[in-house]
Enquirer: 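Please find one structure pasted underneath; my questions will follow.
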Number of protein chains: 2
Amino acid sequence: MKDPYALFADFVARQKLKMTPQRRQILDVFLAEEGHLTSEELYQKVKTEFPSIGQATVYRTLKLLADSGLAKAVEFGDGAMRYEILYGQSHHDHLICEACGVNVEVVDPAIERLQEEVARRHGFALTGHKLYLYGLCPECRKKRTSSL
Amino acid sequence: MKDPYALFADFVARQKLKMTPQRRQILDVFLAEEGHLTSEELYQKVKTEFPSIGQATVYRTLKLLADSGLAKAVEFGDGAMRYEILYGQSHHDHLICEACGVNVEVVDPAIERLQEEVARRHGFALTGHKLYLYGLCPECRKKRTSSL
DNA sequence: CTAAATGCAAATCATTTGCACAATA
DNA sequence: TATTGTGCAAATGATTTGCATTTAG
């Protein structure tokens, strides 16, 4: 399995685009990060290593990464679009704590299967889905209970 | 079961808010509409009956409706927030055609149950969820096939 | 009469775009 | 050298907010 750089380089070449230092830098930082980054967050981090970079370039590159299949856009409900690494990651959904915001990545094969079935039942060809579960994480449940 | 007006009136009174003609009018139009309205769309419709209304009032009222439990916010992925009637409606998720945009409301009790279970497995108390299924509706599948 | 609501316009916030200039293939 | 990319600033689009004025309770 090729490394992400090679994947992206291939993609860029195939689309007759160009590989630039800013794209390399953005990809670098993006891969080094764990969470689900906002374009703004990524921009801040990249700027420390590459001060001349502009926000627009980050926005544009994030879109490119998503197109290339390396990144995936997820919306958590705060105003901003977030991107997570898709490369080498298996599919997952999100379980989000409404109190503290922690995010757990979850999967349930049975749910996945049932989604396919629901779509089929309506004659749809399923191409993707978004599932966000909202609740209270163990810690926040404790806090809430004790404060009542 | 009380009618939506009474429900909203109660809510407004309970919160020590006031019932105004514009709120009545907005609720009227909102209830008369089927689909998943944008604040802008609702504003346009309301304006024909109540020309002096301002967009801000519609935004504010839509939030109120959501707080009261009469409306529910849903995000379809186009930039704008949409609201659907919650009153008297059973819970459902959305199956959206990526080609033509049609939206089918779907439910699958098994999926609902499994979501609860996934949350429990992680120690979360589930408070809600959002499930959007994306695909191609029967019509668009046909078109796509024939055009290839 | 007093707290809340309205309309308007200006302010935000995230994201996009136009453009002159710079850099890659 | 022909494109494509970049940075910047201005443009956008959805939503919010400040404020002076009206209005419901």
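Throughout, a chain's letter reflects where its sequence line sits, starting with A, and its residues are numbered from 1. Computed from a predicted structure; not experimentally measured.
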Enquirer: Any idea which of D:dT6, C:dA14, D:dT4 is nearest the A:Y59 side chain?
Expert: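 Of the candidates, C:dA14 comes closest.
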Enquirer: Under 4.0 Å from OP1 or OP2 of D:dG7: is there any side-chain N or O of A:Q22 that close?
Expert: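 The answer is yes; a side-chain N or O of A:Q22 sits under 4.0 Å from OP1 or OP2.
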Enquirer: Answer yes or no: is there an ion pair linking A:E117 with A:R113, defined by an N-O contact shorter than 4.0 Å?
Expert: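 Between A:R113 and A:E117 there is no salt bridge, as every charged N stays at least 4.0 Å from the carboxylate O atoms.
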Enquirer: Please report, rounded to the nearest Å, how far the C1' atom of C:dT6 is from the OH atom of B:Y43.
Expert: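 Rounded to whole Å, this separation is 12 Å.
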Enquirer: In whole angstrom, give the distance that lies between atom CD of B:Q55 and atom C1' of D:dT15.
Expert: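 Roughly 10 Å, once rounded to whole Å.
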Enquirer: Do A:Y83 and A:H36 have their ring centres less than 6.0 Å from each other?
Expert: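 Judged by ring-centre distance (under 6.0 Å), A:Y83 and A:H36 do not meet the cut-off.
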Enquirer: Using whole Å, what does the distance between atom P of nucleotide D:dT22 and atom CE of B:M19 come to?
Expert: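 About 23 Å, once rounded to whole Å.
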Enquirer: Need one value for B:T38: base, sugar-phosphate or nothing, where a base atom within 4.0 Å counts as base even if backbone is also close, heavy atoms only.
Expert: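 Since no nucleic acid heavy atom lies under 4.0 Å of B:T38, the category is nothing.
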Enquirer: On DNA chain C, does the nearest nucleotide to A:A56 precede the nearest nucleotide to A:L17 from the 5' side, or the other way round? Give the residue.
Expert: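 Looking at DNA chain C, the more 5' nearest nucleotide goes with A:A56.
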Enquirer: How many whole angstroms separate atom CZ of B:F11 from atom P of C:dA5?
Expert: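 After rounding, the gap between these two atoms is 11 Å.
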Enquirer: Can you find a donor-acceptor pair, distance only, under 3.5 Å between B:K18 side chain and C:dA3 base?
Expert: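 Indeed, a donor on one side and an acceptor on the other fall under 3.5 Å apart.
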Enquirer: So which nucleotide from D:dT6, C:dT6, C:dC8 ends up closest to the side chain of B:T20?
Expert: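 The answer is C:dT6, which lies nearest to the side chain.
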Enquirer: Starting at atom CD of A:Q25, determine the distance to atom P of D:dT6, rounded to an integer number of angstrom.
Expert: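 Nearest whole value for this atom pair: 13 Å.
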Enquirer: If you look at every strand shown and take non-hydrogen atoms under 4.0 Å, does B:A80 touch a base, only sugar-phosphate, or nothing?
Expert: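 The answer is sugar-phosphate, as B:A80 gets under 4.0 Å only of primed atoms, P, OP1 or OP2.
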Enquirer: With DNA chain C as reference, determine whether A:M81 or B:P21 sits nearer its 5' end, using the nearest nucleotide of each.
Expert: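 Nearest-nucleotide comparison on DNA chain C picks B:P21.
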Enquirer: Tell me whether the OP1 or OP2 atom of C:dT24 has a side-chain N or O from A:K16 closer than 4.0 Å.
Expert: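 No, no such contact exists.
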Enquirer: List the steps, then state whether side chain to side chain contact (heavy atoms under 4.5 Å, CB included) holds for B:Y87 with B:L7.
Expert: CA-CA 9 Å; B:Y87 172 82; B:L7 268 185; 3.3 Å; yes
Enquirer: Rounding to an integer number of Å, can you tell me how far A:E40 CD sits from C:dT16 P?
Expert: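 Rounding to the nearest Å, CD of A:E40 and P of C:dT16 are 14 Å apart.
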Enquirer: Under 4.0 Å between a Lys/Arg side-chain N and an Asp/Glu carboxylate O for A:D93 and A:K130?
Expert: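 Salt bridge: no.
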Enquirer: With a 4.0 Å cut-off on heavy atoms, is A:R60 in touch with a base, just the backbone sugar-phosphate, or nothing at all?
Expert: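 It contacts base atoms.
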Enquirer: Mind calculating the distance between NZ (A:K63) and P (D:dG5) to the nearest angstrom?
Expert: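 In whole Å, D:dG5 P lies 14 Å from A:K63 NZ.
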Enquirer: So, for A:S39 and A:L62, which heavy atoms are closest and what is the spacing to 0.1 Å?
Expert: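 What the structure gives for the nearest pair is CA-CD2, 3.7 Å.
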Enquirer: For the residue pair A:M19 and A:F8, what are the closest heavy atoms and their distance?
Expert: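 Reported closest heavy-atom pair: CE-CD2, 3.6 Å.
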Enquirer: Are the aromatic ring centres of A:H129 and B:H94 under 6.0 angstrom apart?
Expert: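 Not close enough - the centres of the two rings lie 6.0 Å or further apart.
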Enquirer: Expressed as a whole number of angstroms, how long is the span from B:D67:CG to C:dA5:P?
Expert: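 About 12 Å, once rounded to whole Å.
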Enquirer: Would you say C:dA4 has OP1 or OP2 under 4.0 Å from some side-chain N or O of B:R23?
Expert: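 Result: no.
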Enquirer: Map every base of DNA chain C to its dot-bracket character, where paired means a Watson-Crick or G-U wobble contact with both distances under 3.5 Å and | marks a partner outside the strand.
Expert: |||||||||||||||||||||||||
Enquirer: Identify whether the distance between the nearest side-chain nitrogen and carboxylate oxygen of B:K45 and B:E33 falls below 4.0 Å.
Expert: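 Yes.
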